[in-house]
Amino acid sequence: MAQPKTPLVKEIPPKGADLSEWYQAVCYKAELVSLAPVRGCVVLRPYGFALWERLVAALDERFKATGHENAYFPLLIPEHLLLKEQEHVEGFSPEVAWVTHGGNERLSERLAIRPTSEVIIGPMYADWIRSYRDLPILINQWVNVVRWEKRTRPFLRTTEFLWQEGHTAHASEPEAREEVVRMLDIYREVAQDIAAVPVYTGEKSSSERFAGATHTFSIEALMPDGRALQSGTSHELGQNFARAYDIKFAAEDQSLQYVWTTSWGMSWRMLGALIMVHGDDRGLRMPPKMAPIEAVVVPIVKAGDDRVIHAARDLLAQLKGSGLRVRLDERDLRPGNKFADWEMRGVPIRVELGANDIAAGVATLVRRDKAKGEAGGKVTVALADVASRMTALLEEIQTNMFAQASEFLRTHTIAAGDTAEFFHLLRERAGMIDIPWCGRAQCEAFVKVETSATTRNLRPLDGAATCLACGEPATVRAYFAQSY
RNA sequence: CGGGGCGUAGCUCAGCUUGGUAGAGCGCUGCGUUCGGGACGCAGAGGUCACAGGUUCAAAUCCUGCCGCCCCGACCA
């Protein structure tokens with residue numbers, strides 16, 4: 001069969017051919033990011049920033065609703081502060097960037113560029129906290145951090161990246177645990193209900209735990225290539241940082257005690273998950289709640305006929321009046337180019353408005369979540385009803401996209417039946433491989449050597465079982481997968 | 001950081017083996033015809049061939065170094 005003269009999609013390779021190549025092409029062609037002239041760093045372009053802002057809004061609103069306040073701590077951390085928590089230092093030292101000079105003068109003490117802020121926040125909390133009446137402290141900051149990474153990819157791992165880091169201090173361990181669980185649940189909710197990315201929540205194994213934490217919990221999403229992506233973490237820090245930075249308070253019983261701290265973060269890596277999970281051969285697909293633009297109106301204008309453009313402007317005003325994030329594309333391009341362009345950017349609904357539509361008093365709505373020609377992908381709506389119909393349609397698209405992604409996760413989560421199958425599935429990169437696990441670091445290390453996969457996260461075991469990786473008694477259930 | 005690959009126009013790439021004044025398609029600009037799925041015609045713009053040395057009468061091409069990107073691995077809360 002002859003190839004069509006015009007391929008369905010120019011610009012990017014098919015998603016199924018090479019996910020990595022597709023991913024990078026989409027990030028650049030949809031104008032989310034550009035490579036910067038600094039190794040391992042990206043420029044977040046306006047459309048990418050708008051997407052980030054949607055995530056920020058969803059999280060920030062929930063942080064505030066649970067009693068947190070935003071603040072800002074310094075970018076630069078004196079070396080002596082960093083050195084105080086031993087495990088933490090060892091965990092981060094390979095990734096820390098240092099400032100050694102101020103102007104031409106060599107500094108007497110190096111300054112670390114924050115890879116995370118526990119150690120600059122610790123001394124401040126020590127300063128602010130005197131009594132149990134000062135607790136809890138519930139602070140979040142929206143900042144950039146720098147980690148010197150060997151290998152970088154847009155959003156997934158870059159030298160400098162944007163995130164939020166919450167840092168709280170509590171009077172008791174149970175209270176700190178409660179906070180950690182609460183924030184993990186917010187991450188789960190934002191990932192699933194806003195970004196439409198289904199995730200597994202659970203605790204990290206000891207080898208995957210945050211340096212300096214007593215417990216680390218994560219949300220883990222599954223990418224189309226069968227690799228998992230850690231998309232948010234919540235750490236119980238016990239009294240480790242309190243001891244290192246001398247954060248003490250007078251308790252009700254007048255004893256002097258160390259506080260219990262937590263930290264939790266979600267970065268723009270979440271956007272990487274969204275891109276990979278939802279995108280298709282035509283480019284991005286934005287879940288409506290994350291979409292910077294919910295709908296775009298494309299006027300189909302015949303030469304010398306300006307009735308269409310006027311009708312389109314009226315429609316735009318109507319939709320904006322309904323609080324929808326809409327745009328009218330008046331660029332001097334042919335409609336087909338505009339269709340392809342907005343599909344690449346993943347706008348959930350395209351409104352086509354031409355002379356035929358106007359004559360019939362309607363507009364044509366096209367859903368980005370449906371494949372071309374798929375039933376229900378295109379609907380005709382009376383002009384007066386577009387706003388209300390669109391609101392309902394956006395809900396439907398959101399639900400449909402989450403259902404599609406959930407179906408993928410479900411069908412790629414496999415409970416291995418025996419040890420041979422377990423190793424086989426991991427080598428095949430078949431997805432989240434679910435087994436009863438012994439919880440031993442040596443066992444996890446062995447699996448990693450054999451398959452390059454590790455535990456993603458753990459959850460309680462129901463009943464007695466044997467570890468399917470090594471045959472020792474199991475203590476938990478674990479998802480294993482290769483990770484990004 | 002180890003192994004491999006690649007750097008030529010905004011993008012995808014040819015040219016390099018065998019040294020001799022820089023190419024194509026797409027995109028971009030202007031004008032016109034078009035406009036319900038990536039139009040067409042005419043006219044144009046655009047490149048220190050990643051960078052630095054070396055060999056040579058002459059280097060995109062050969063040699064050395066270096067930087068960057070991609071893939072695999074290590075590393076990576």
Counting only side-chain heavy atoms from C-beta out, which of [options] sits nearest to [X]?
| X | options | value |
| --- | --- | --- |
| A:Arg350 | B:C70, B:G37, B:U34 | B:G37 |
| A:Phe339 | B:G37, B:U34, B:G38 | B:G37 |
| A:Arg157 | B:C69, B:C35, B:C76 | B:C76 |

Under the ring pair (Phe, Tyr, Trp, His ring centres under 6.0 Å) test, which residues partner [X], sequence neighbours left out?
| X | result |
| --- | --- |
| A:His68 | A:Trp264 |
| A:Phe155 | A:Trp268 |
| A:Trp22 | none |

| task | Not counting sequence neighbours, list each pair that qualifies as a side-chain hydrogen bond (donor to acceptor under 3.5 Å, both in side chains) and has a residue in residues 338-354 of chain A. | result |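 Listed once each, the pairs are A:Glu31-A:Arg345, A:Arg282-A:Glu343, A:Asp329-A:Trp342, A:Arg331-A:Asp341, A:Asp341-A:Arg345, A:Glu343-A:Arg350, A:Arg350-A:Glu352.
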| said: Once side-chain hydrogen bond (donor to acceptor under 3.5 Å, both in side chains) is applied, what residue pairs with a partner in residues 71-85 of chain A remain, sequence neighbours excluded? | reply: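 Pairs touching residues 71-85 of chain A that pass the test: A:Tyr72-A:Arg114, A:Glu79-A:Arg110, A:His80-A:Glu109.
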| task | Examine the base of B:G37 for any acceptor or donor lying under 3.5 Å from a partner atom in the side chain of A:Glu343, and report the outcome as yes or no. | result |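 Indeed there is one.
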| task | Under the side chain to side chain contact (heavy atoms under 4.5 Å, CB included) rule, collect the residues that match up with A:Glu90, sequence neighbours excluded. | result |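 Partners of A:Glu90 under the side chain to side chain contact (heavy atoms under 4.5 Å, CB included) test: A:Gln86.
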| message | For A:Asp225, give me all partners under side chain to side chain contact (heavy atoms under 4.5 Å, CB included), at least two apart in sequence or on another chain. | response |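 Result, side chain to side chain contact (heavy atoms under 4.5 Å, CB included) vs A:Asp225: A:Leu19, A:Met223, A:Arg227, A:Tyr484.
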| field | Distance-only side-chain donor-acceptor flag, A:Asn457 / A:Glu203, under 3.5 Å | value |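 Not at all, the side chains of A:Asn457 and A:Glu203 share no donor-acceptor pair under 3.5 Å.
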| task | Using the C1' atom as the reference point in each nucleotide, state the distance between B:G54 and B:A58 in Å, no decimals. | result |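 Between the two C1' atoms, the distance is 15 Å.
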| Considering only the C1' atoms, how many Å lie between B:C66 and B:C76, rounded to the nearest integer? |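 27 Å, rounded to whole Å.
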| Within residues 90-99 of chain A: residues closer than 4.0 Å to RNA chain B (heavy atoms) |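 Heavy-atom cutoff 4.0 Å gives A:Phe92, A:Glu95.
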| field | Any residue of residues 258-272 of chain A with a heavy atom less than 4.0 Å from an atom of RNA chain B | value |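 Listed by number, there are none.
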Within the pair [X] and [N], is there a side-chain N or O less than 4.0 Å away from OP1 or OP2?
| X | N | result |
| --- | --- | --- |
| A:Gln24 | B:C69 | no |
| A:Asn337 | B:A39 | yes |
| A:Arg39 | B:G68 | no |

| request: Among residues two or more places apart or on two chains, list those pairs meeting salt bridge (charged side-chain N to carboxylate O under 4.0 Å, His left out) that have a residue in residues 298-314 of chain A. | output: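 Residue pairs passing salt bridge (charged side-chain N to carboxylate O under 4.0 Å, His left out), neighbours aside: A:Asp305-A:Arg307, A:Arg313-A:Glu330.
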Rounded distance (Å) that lies between atom [atom2] of [N] and atom [atom1] of [X]:
| X | N | atom1 | atom2 | answer |
| --- | --- | --- | --- | --- |
| A:Lys338 | B:C35 | NZ | P | 14 Å |
| A:Glu330 | B:C35 | CD | P | 19 Å |
| A:Arg331 | B:C28 | CZ | C1' | 14 Å |
| A:Glu31 | B:C11 | CD | C1' | 13 Å |
| A:Leu333 | B:G37 | CG | C1' | 13 Å |
| A:Glu21 | B:G5 | CD | P | 18 Å |
| A:Asp329 | B:C35 | CG | P | 18 Å |
| A:Asp341 | B:C11 | CG | P | 18 Å |

Taking any strand in view, what nucleotide pairs with [N] in a Watson-Crick or G-U wobble way, both distances under 3.5 Å?
| N | value |
| --- | --- |
| B:G41 | B:C31 |
| B:G73 | B:C1 |
| B:G19 | none |
| B:G68 | B:C6 |

| said: Can you tell me if A:Arg62 has over 12 outside heavy atoms packed within less than 6.0 Å of its CZ? | reply: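 Above 12, so yes.
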| said: Is it the case that over 12 heavy atoms from other parts of the model lie below 6.0 angstrom from the CH2 atom of A:Trp148? | reply: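 Not more than 12 within 6.0 Å, no.
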| said: Check for me whether the distance between the ring centres of A:Phe241 and A:His88 falls short of 6.0 Å. | reply: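 Centroid distance A:Phe241-A:His88: below 6.0 Å, so yes.
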| message | Is the shortest side-chain heavy-atom distance between A:Arg459 and A:Tyr479 below 4.5 Å? | response |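 A side-chain contact under 4.5 Å exists here.
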| If you find the nucleotide of RNA chain B closest to A:Cys41 and the one closest to A:Glu149, which residue's nucleotide is nearer the 5' end? |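 The answer here is A:Cys41.
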| query | Nearest nucleotide by nearest heavy atom, which residue falls closer to the 5' end of RNA chain B, A:Asp332 or A:Thr116? | reply |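 Residue closer to the 5' terminus by nearest nucleotide: A:Asp332.
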Protein-nucleic acid N or O pairs under 3.5 Å, nucleotides 72-74 of chain B:
from  : atom 1 : to       : atom 2 : distance (Å)
B:C72 : OP2    : A:Arg151 : NH2    : 2.4

| message | Under 4.0 Å, heavy atoms only, any strand: does A:Gly40 hit a base, just the sugar-phosphate, or nothing? | response |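 Sugar-phosphate contact only - A:Gly40 comes under 4.0 Å of backbone atoms but never of a base.
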| task | Remember a base hit wins even if backbone is also touched, and classify A:Asn356 as base, sugar-phosphate or nothing at under 4.0 Å, heavy atoms. | result |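 Counting heavy atoms under 4.0 Å across all strands, the contact made by A:Asn356 includes a base.
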| said: Once side chain to side chain donor-acceptor pair (under 3.5 Å) is applied, do any residues pair with A:Arg440, and if so which ones, sequence neighbours excluded? | reply: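 Testing A:Arg440 for side chain to side chain donor-acceptor pair (under 3.5 Å), a comparison that skips the adjacent residues, returns none.
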